[in-house]
Number of protein chains: 2
Amino acid sequence: MEEHKQLFSDFLKTKGLKLTGPRQIILNTIFTYHRHFNVDALYDVIRKDHQNVSRATIYRTMPLLVESGLIKQSLRCQSKDHYEHIHGHDDHLHFLCIKCGNIIEVKSKVIDETLVQLAEEKKFILNDYNLGAKGVCEACSKKKE
Amino acid sequence: MEEHKQLFSDFLKTKGLKLTGPRQIILNTIFTYHRHFNVDALYDVIRKDHQNVSRATIYRTMPLLVESGLIKQSLRCQSKDHYEHIHGHDDHLHFLCIKCGNIIEVKSKVIDETLVQLAEEKKFILNDYNLGAKGVCEACSKKKE
DNA sequence: TATCTATTGAGAATGAATATCAAATGCAAT
DNA sequence: ATTGCATTTGATATTCATTCTCAATAGATA
């Protein structure tokens, strides 16, 4: 069993919940196709192969995946909540283009370390962070108005 | 004229827009009472003294204030967009306690500078950023479960 | 004052996210 | 396999923050 599936299954078991068919489909799709995603886009991909998985179930599964530590809530874009993988990925920050909506992922050890240090100073137990920077990407800044 | 009012007025003028009565009321209320706020709470405060300012106008004014650089969008909390002052306040990040909901503001020159540098490398025109770190604050971590 | 826009309030509309509920499913113990 | 029972599901209705519509109004300028 793939690691993420095992982890999710274990998590569900501790809560007295079940790794059902739809939940497996959702989990697999997320970890096969998506790094960043929103429920709407995920729904479209899932529907191609599984016409019987409903939007409601996807919405219901998100908080479980977040609580399990496999994904986390990320930027909010075009009025939609976005999510991203945690399992298997380093912390990183996002440059979000306000023109085209594209997301550029950037890693920064300096920022990671600075945050850890700041948290220590404040005696704050740091779980995770979201850093979203807004602006205009190179491609869009070259386009004319 | 107070500085924030002057700045907003100037901004509006460059866009061919007007500093109207309702816009002044909104601006004043924000800079009198609120550091962090959402439209709903702002509406309630404004309504105490000005029954004729509508929700729609407040919603419409927010993007203008953001574009003028006086405020920025901040955390999203309880399904509501939140805003905070920029004018008169340095960039800062937030430690959000998941137990008590309290927000600790922290400033970090290192992070500010690192972001500017990263943006330059990616040829990204940086408008602003939001850094929200989740975890448990000192007070809550001392409480027993 | 007349004219031309920008703006407003009120209420309707939108749309992402959540709640409801009867039918279906997973699982454990027979 | 079969039963029993709590969990889960799909479909749909509902919620609620935010945006849109539109006729009426206000601001600036000449």
Side-chain angles (χ1 to χ4, degrees), chain A residues 1 5 8-29 36-44 46-68 71-83 98 101, chain B residues 1 5 8-29 36-68 71 73-83:
Chain A
M1 176 148 47
K5 188 162 162 186
F8 194 40
S9 171
D10 291 349
F11 165 79
L12 291 171
K13 211 164 284 171
T14 66
K15 312 253 312 178
L17 306 178
K18 299 159 190 168
L19 183 57
T20 60
R23 282 176 183 159
Q24 289 187 48
I25 291 169
I26 293 166
L27 182 69
N28 280 337
T29 307
H36 292 85
F37 63 95
N38 61 62
V39 168
D40 230 45
L42 180 58
Y43 175 80
D44 288 342
I46 287 176
R47 274 285 168 147
K48 283 182 193 152
D49 295 318
H50 309 278
Q51 286 75 21
N52 51 336
V53 175
S54 80
R55 234 187 202 92
T57 299
I58 302 179
Y59 273 110
R60 281 187 287 235
T61 304
M62 290 302 120
L64 295 173
L65 287 166
V66 169
E67 205 188 335
S68 78
I71 67 175
K72 71 169 187 173
Q73 253 190 309
S74 173
L75 301 171
R76 191 177 164 84
C77 235
Q78 295 158 325
S79 303
K80 294 183 181 81
D81 287 339
H82 283 63
Y83 300 87
I98 56 177
Chain B
M1 178 149 48
K5 188 163 162 188
F8 193 41
S9 171
D10 291 349
F11 165 79
L12 291 171
K13 212 165 284 172
T14 67
K15 312 254 312 178
L17 306 177
K18 299 159 192 168
L19 183 57
T20 60
R23 283 177 184 159
Q24 288 187 48
I25 291 168
I26 293 165
L27 181 68
N28 279 338
T29 308
H36 292 84
F37 63 95
N38 61 62
V39 169
D40 230 43
L42 180 58
Y43 176 80
D44 287 344
V45 175
I46 287 176
R47 273 285 168 149
K48 281 181 194 153
D49 294 319
H50 308 278
Q51 286 75 21
N52 51 335
V53 175
S54 79
R55 235 188 201 91
T57 298
I58 301 178
Y59 273 109
R60 281 187 288 234
T61 303
M62 289 303 122
L64 295 173
L65 287 165
V66 169
E67 203 188 336
S68 78
I71 67 173
Q73 256 190 307
S74 174
L75 301 170
R76 191 177 165 84
C77 239
Q78 295 157 323
S79 303
K80 294 184 182 79
D81 286 338
H82 282 63
Y83 299 87

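A quick note: this is a predicted structure, and the numbers were derived from the prediction, not measured. So you know, we letter chains A, B, ... as the sequences are listed, proteins then strands, and number each from 1.
Residue A/Gln73 contributes atom CD, which lies 13 Å from atom C1' of C/dA16 at whole-angstrom precision. Atom CD1 in B/Ile26 sits about 11 Å away from atom C1' in C/dT7, given to the nearest Å. The CG atom of B/Leu64 sits 11 Å away from the C1' atom of C/dT7 (whole-angstrom rounding). In this structure, A/Ile46 places its CD1 atom 14 Å from C1' of D/dG10, rounding to the nearest Å. Separating the CG atom of A/Leu27 from the P atom of D/dT8 is a distance of 15 Å, rounded to the nearest angstrom. Summarising the geometry, the separation between CG on A/Leu17 and C1' on D/dT9 is reported as 14 Å, rounded to the nearest angstrom. For the pair B/Lys15 NZ and C/dT7 C1', the computed distance is 15 Å after rounding to whole Å. Distance, B/Tyr43 OH to C/dT8 C1': 14 Å, rounded to whole Å.
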Atom pairs, protein N/O to nucleotides 12-21 of chain D N/O, distance under 3.5 Å:
from: D/dT18; atom 1: OP1; to: B/Asp81; atom 2: N; distance (Å): 2.9
from: D/dT18; atom 1: OP1; to: B/Asp81; atom 2: OD2; distance (Å): 3.2
from: D/dT18; atom 1: OP2; to: B/Tyr59; atom 2: OH; distance (Å): 2.7
from: D/dT21; atom 1: O4; to: B/Arg60; atom 2: NH1; distance (Å): 3.3

Each nucleotide N or O in nucleotides 27-30 of chain C that has a protein N or O under 3.5 Å away: list the pair and distance.
none

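Pairing each heavy atom of B/Thr29 with each of B/Ile25, the nearest pair is OG1-O, 2.7 Å. Nearest heavy atoms, B/Leu17 versus B/Arg23: CB-NH1, 4.2 Å. Annotation for A/Lys5 and A/Leu27: closest pair CA-CD2, 3.6 Å, computed over non-hydrogen atoms.
Between A/Phe37 and A/Ile71, some side-chain heavy-atom pair lies under the 4.5 Å cut-off. At a threshold of 4.5 Å between non-hydrogen side-chain atoms, the residues A/Asn38 and A/Gln78 do not count as touching. When side chains are defined from C-beta on, B/Ile26 counts as touching B/Met62, because their heavy atoms get closer than 4.5 Å. Residues A/Phe8 and A/Leu64 are in side-chain contact: their nearest non-hydrogen atoms beyond the backbone lie under 4.5 Å apart. A heavy-atom distance below 4.5 Å is not found between the side chains of B/Val39 and B/Lys80.
Here C/dT8 is the nucleotide among D/dT9, C/dT8, D/dA11 with the atom lying nearest to any side-chain atom of B/Thr20.
Looking at which nucleotide of DNA chain C each of B/Gln51 and B/Arg23 is closest to, the 5′-most match is held by B/Arg23.
Remark: side-chain polar atoms of A/Arg55 are not paired, donor with acceptor, to backbone N or O of A/Tyr43 under 3.5 angstrom.
End-to-end axis angle of the helix from C/dT1-D/dA30 to C/dT30-D/dA1, using five pairs per end and rounding to 10°, comes to 40°.
Rounding to the nearest 0.5 Å places CG of B/Leu65 at 12.0 Å from CD of B/Gln73.
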### Query
Yes or no on side chain to side chain contact (heavy atoms under 4.5 Å, CB included) for B/Asp44 and B/Arg47, after CA distance, side-chain angles and deciding distance?
CA-CA 5 Å; B/Asp44 287 344; B/Arg47 273 285 168 149; 5.7 Å; no
